[in-house]
Amino acid sequence: METPGGIMKVILHNSMSLDGSFIGIAANMELHYQAVNSFGAQVYMVGSNTTSRESIEQYGETVPPETASDFQKPVRDPALSYWVIPDTKGTLQGILHYHRRFEYCRDVILLISDATPAGYIEYLEQRNYGYIKTGSVHVNYREAFKQLAQRYGVDTILVDTGSRLGNVLLNEGLVDEISLVVTPEILAKNNRHLFEGVEHHIRLRSKKCETMPDGYIWIVFEIIGH
Ligand SMILES: NC(=O)c1ccc[n+]([C@@H]2O[C@H](COP(=O)([O-])OP(=O)(O)OC[C@H]3O[C@@H](n4cnc5c(N)ncnc54)[C@H](OP(=O)(O)O)[C@@H]3O)[C@@H](O)[C@H]2O)c1
């Protein structure tokens with residue numbers, strides 16, 4: 001995608017079972033993040049369901065109370081990625097400090113829209129979170145990506161999320177590459193499928209196929225046509 005700063009690359013990265021399930025799989029987080037880090041993206045993008053309180057609690061964690069330092073931008077290594085989260089409804093109000101405190105997060109930037117509640121924008125401003133406002137109801141991702149390039153010098157975005165956000169980006173033609181760590185298993189048929197919401201035929205060219213330890217395989221495809 002062309003941006004004011006040049007060409008931006010967007011990579012959709014997931015772990016999935018051989019049959020395309022992405023929840024309840026035997027994901028190997030070390031291998032998953034080894035692949036994530038190999039792309040050197042300045043933005044690590046995740047959906048608001050993936051970062052919700054419910055998801056945090058599923059991993060046995062709890063959101064701690066805020067302290068005064070949660071109102072300041074963290075001072076972190078500029079080589080780290082920004083975490084960019086679309087959250088037009090403000091569902092992450094009260095828990096963003098959990099993500100901001102993560103040592104590998106440069107800071108959290110929110111993507112919001114004209115429909116975002118004013119109280120949530122006030123919450124973001126009081127805590128010095130960066131945000132980009134585009135779109136009337138949902139985020140206009142094309143415009144948001146342009147602003148990420150312009151305001152934050154971003155040329156590579158790595159999206160690590162569930163099917164909802166991933167499929168929206170695929171349907172809007174905003175993804176350049178799909179990177180998958182395939183887990184050696186087939187799940188039961190009632191599981192959600194990673195490409196369940198894709199609306200048109202997408203043509204791919206394989207770019208990488210690497211055998212990883214314990215039967216995992218890492219494959220990368222370039223999108224060559226819609
Ligand atoms: N296997 C893996 O590699 C992997 C990786 C990450 C997550 N996961 C799992 O995936 C699950 C969550 O996935 P999910 O598919 O439910 O949610 P998700 O990918 O987190 O997607 C939700 C996001 O999509 C946006 N969105 C939804 N509909 C939209 C639309 N029509 N237009 C524009 N934006 C839209 C939402 O924005 P708004 O909030 O603004 O509506 C929200 O930020 C969790 O169980 C998580 O553990 C698996």
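All ligand and atom numbering here is 1-based and tracks the order in the structure.
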Is the gap between the ring centers of Tyr82 and Tyr44 under 6.0 Å?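 They do not qualify: ring centres at least 6.0 Å apart.
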
Please check if the side chain of [X] supplies one atom and the backbone of [Y] the other of a donor-acceptor pair under 3.5 Å.
X	Y	value
Asn191	Ile186	no
Arg205	Glu222	no
Thr51	Gly47	yes

Please could you name the atoms of ligand 1 that [X] approaches to less than 4.0 Å, counting only its heavy atoms?
X	answer
Gly47	20 (O), 23 (C), 43 (O)
Ser163	15 (O)
His32	3 (O)

To check your reading of the model: name the closest protein heavy atom to [atom], its residue, and the distance in Å.
atom	answer
atom 37 (O) of ligand 1	Pro86 O, 3.8 Å
atom 5 (C) of ligand 1	Asp160 OD1, 3.2 Å
atom 36 (C) of ligand 1	Ser48 OG, 4.1 Å
atom 4 (C) of ligand 1	Asn14 ND2, 3.6 Å
atom 3 (O) of ligand 1	Ser15 N, 2.8 Å
atom 27 (C) of ligand 1	Arg164 CB, 4.3 Å
atom 16 (O) of ligand 1	Asn49 ND2, 3.0 Å
atom 18 (P) of ligand 1	Thr161 OG1, 3.4 Å

Using a strict 4.0 Å threshold on nitrogen-to-oxygen distance, state whether [X] and [Y] make a salt bridge.
X	Y	answer
Lys9	Asp155	no
Arg101	Asp70	yes
Lys207	Glu177	yes
Arg127	Glu66	yes

So is Asp87 in contact with ligand 1, going by heavy-atom distances below 4.0 Å?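 Yes; Asp87 lies near enough to ligand 1 that a heavy-atom distance drops under 4.0 Å.
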
Would you check whether Gln58 reaches within less than 4.0 Å of ligand 1, judged by its heavy atoms?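 Contact check Gln58 vs ligand 1: negative.
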
A quick test of your reading: do over 12 heavy atoms of other residues, nucleotides or ligands sit less than 6.0 Å from CD of Glu30?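 12 or below, so no.
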
Closest by any non-hydrogen atom to [atom]: pick that one out of [options].
atom	options	value
atom 41 (O) of ligand 1	His13, Lys89, Met29	Lys89
atom 13 (O) of ligand 1	Ala27, Gly90, Gly162, Ser21	Gly162
atom 33 (C) of ligand 1	Tyr59, Phe22, Tyr141	Tyr141
atom 38 (P) of ligand 1	Val159, Leu165, Thr88, Val168	Thr88

With a 4.0 Å heavy-atom cut-off (strictly under), which part of [X] contacts ligand 1: side chain, backbone, both or neither?
X	value
Arg192	side chain
His138	side chain
Thr50	both
Val46	neither

So, for Val159 and Leu169, which heavy atoms are closest and what is the spacing to 0.1 Å?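 Answer, listing the atom of Val159 first, then Leu169: CG2-CD1, 3.8 Å.
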
Work out which heavy atom in Leu80 is nearest to a heavy atom in Tyr104; give both atom names and the distance.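 Leu80 and Tyr104 have their closest heavy atoms at CD2-O, 3.7 Å.
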
In Å and rounded to the nearest 0.5 Å, what is the CE to NE2 distance from Met45 to His13?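 Taking CE in Met45 and NE2 in His13, the distance rounds to 15.5 Å.
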
May I ask you to check whether Gln58 and Glu54 show a side-chain donor-acceptor distance below 3.5 Å?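 Glu54 and Gln58 do not have a side-chain donor-acceptor pair below 3.5 Å.
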
